[in-house]
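Written out below as structure tokens is the structure these notes cover.
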There are 2 protein chains.
Amino acid sequence: MTVEVGLRERKKAATRAALAAAANRLAVELGVEHVTVEAIAAAADVSPRTFHNYFSSREEAIVASIIDWAERLTDELEKRPADEPMWDSLQHVFLDSVDESADGHARLIRQLEMIKANPAVIASQLSALDTMRRRFAETIAARTGTDASRDLYPHLIAGAAGHAVKTAMDLWALGQHDRLLRDLVAEAFALVRAGLPEPGRS
Amino acid sequence: MTVEVGLRERKKAATRAALAAAANRLAVELGVEHVTVEAIAAAADVSPRTFHNYFSSREEAIVASIIDWAERLTDELEKRPADEPMWDSLQHVFLDSVDESADGHARLIRQLEMIKANPAVIASQLSALDTMRRRFAETIAARTGTDASRDLYPHLIAGAAGHAVKTAMDLWALGQHDRLLRDLVAEAFALVRAGLPEPGRS
DNA sequence: CGAAAATTTGCAGAGTCAGCAAAACTGCCG
DNA sequence: CGGCAGTTTTGCTGACTCTGCAAATTTTCG
């Protein structure tokens, strides 16, 4: 994949990363509504017009890190042993991606709070997660011999896994700091793998 | 809930409905990018400024029918017998909402195609579906004695059910016209309820 | 009817975003 | 090197979105 290593490609990647980082940082620091494209561009040392060559909206830049995360996770998923049960692979990949340091937790909470505060950013986040889900479905289809354009399975399991992680994070950020995020994610996976049986029924 | 039946309330609801209908119709007919707020407002016989009193973005108006759908479904869900297994209630409510007429199918396909064609509308759709998911989670929590602000269960099952329906629809619209949409939805539910076992494994 | 409350509207202003063409830059071959 | 070809950056412009504010209009209710 990443075979193009010319100066040109590296510069493009760097510009994109700088814009995404600036957008995210400013959104967290100042609040989304106080961040303009002009300010993001200035922070990344490019013209406002260039910003729009990389991102089609301010919100897209703010949540660009989700796409990067998704790319890393897809790579990880592809590296899992081919004979490992699909659910185990997914759980492994997602659990490994959770930063358990105190600093990581603090950052994550700030992220989620910033996103939650603005409907347009929420929509962009969901969009990014949906893109991630589609990538996952492709990878899963390839590994399980299913067809992402015809079979429900790869989409359903990718969606279920992604949603389990999102739900665990959202609930955790909402006040379950007494529990480890890791454990909450694991519990969500367990529930979904069990077919979500109704609690308190035989 | 809907106890306010004064002229004022009825007019507001009518204006909102007219704007949503106009926005959706124009988006399907002309394509999303060729629809301006001005045109929507004109079609609903109000000023452009009034449009923004009802919807905070063009896309929100275009997908407003999803919110209406969600409201109807939540009502249906609340009406299900309290002792019915949760999964059965959900499956029932969603399956009943599928319009199986040829005309309904054609409309649904045009809808999905219109949405798919524009990233901003996709994001708004996901946002609306997320709102629906949250409503469902509240209702489910109330019925299963769980707490939507602490427990994973209501969110996970609401998300799984909603995503099952969305996946079935998307795949169906993509070319599975040989199969009944109803059957695809039922199959998706069955897979999720079974915990998404890997196909072709013992 | 007439006052109080809510809704609609016009206007102004800040901001987003895309198309276009010129300027600046990078890669590469002679 | 030098310079051409292909890419990226940039400024400019125009259409459009969206919000705040205050005036005008409409509805409600005593």
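Reminder, nothing fancy here: chain letters follow the sequence lines and each chain counts from 1. Just so we're clear, the structure is a prediction, and the values are computed from it rather than from any experiment.
- In plain terms, the two heavy atoms of B:A148 and B:A137 that are nearest each other are CB-O, 4.4 Å.
- In the displayed structure, A:E71 atom CD is contacted under 6.0 Å by more than 12 heavy atoms of other residues, nucleotides or ligands.
- At whole-Å resolution of the value, CD in B:E33 and C1' in D:dA15 are 15 Å apart.
- Atom CD in A:E59 sits about 12 Å away from atom C1' in D:dT17, given to the nearest Å.
- Straight-line distance from the CD atom of A:E38 to the P atom of D:dC12: 13 Å, rounded to whole Å.
- Ion pairing between a basic and an acidic side chain is recognised when a charged N comes within 4.0 Å of a carboxylate O; A:K79 and A:D75 show no such pairing.
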Please tabulate the protein-to-nucleotide N/O contacts below 3.5 Å involving nucleotides 3-6 of chain C, giving atom names and distances.
residue: C:dA6; atom: O4'; partner: B:R8; partner atom: NH1; Å: 3.0

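- Residues from residues 45-57 of chain B with heavy atoms under 4.0 angstrom of DNA chain D, sorted by number: B:R49, B:H52, B:S56, B:S57.
- Under the 30°/60° scheme for interplanar angles, the aromatic rings of A:F136 and A:F94 are found to lie parallel.
- Look at B:D130 and B:R134 and you find a salt bridge, because one of the NZ, NE, NH1 or NH2 atoms lies within 4.0 Å of a carboxylate O, short of that distance.
- Residues A:V32 and A:R58 meet the side-chain proximity criterion, which asks for heavy atoms closer than 4.5 Å.
- Applying the 4.0 Å criterion to OP1 and OP2 of D:dT27, one finds that B:K11 has a side-chain N or O inside that range.
- The distance from atom NE2 of B:H34 to atom C1' of D:dT17 is 17 Å, rounded to the nearest whole Å.
- Between the CD atom of A:E9 and the P atom of D:dG6 there is a distance of 16 Å, rounded to whole Å.
- Distance, A:E60 CD to C:dT16 P: 14 Å, rounded to whole Å.
- Applying the ring pair (Phe, Tyr, Trp, His ring centres under 6.0 Å) rule to B:Y54 yields no partners; only residues at least two apart in sequence or on another chain are considered.
- The distance from atom CZ of B:R10 to atom P of C:dT7 is 15 Å, rounded to the nearest whole Å.
- Residue-environment remark: CD (A:E33) exceeds the threshold of 12 foreign heavy atoms within 6.0 Å.
- One can place CZ of B:R16 at 14 Å from P of C:dT7, the figure rounded to the nearest angstrom.
- With salt bridges taken as basic N to acidic carboxylate O contacts below 4.0 Å, one links B:D170 and B:K166.
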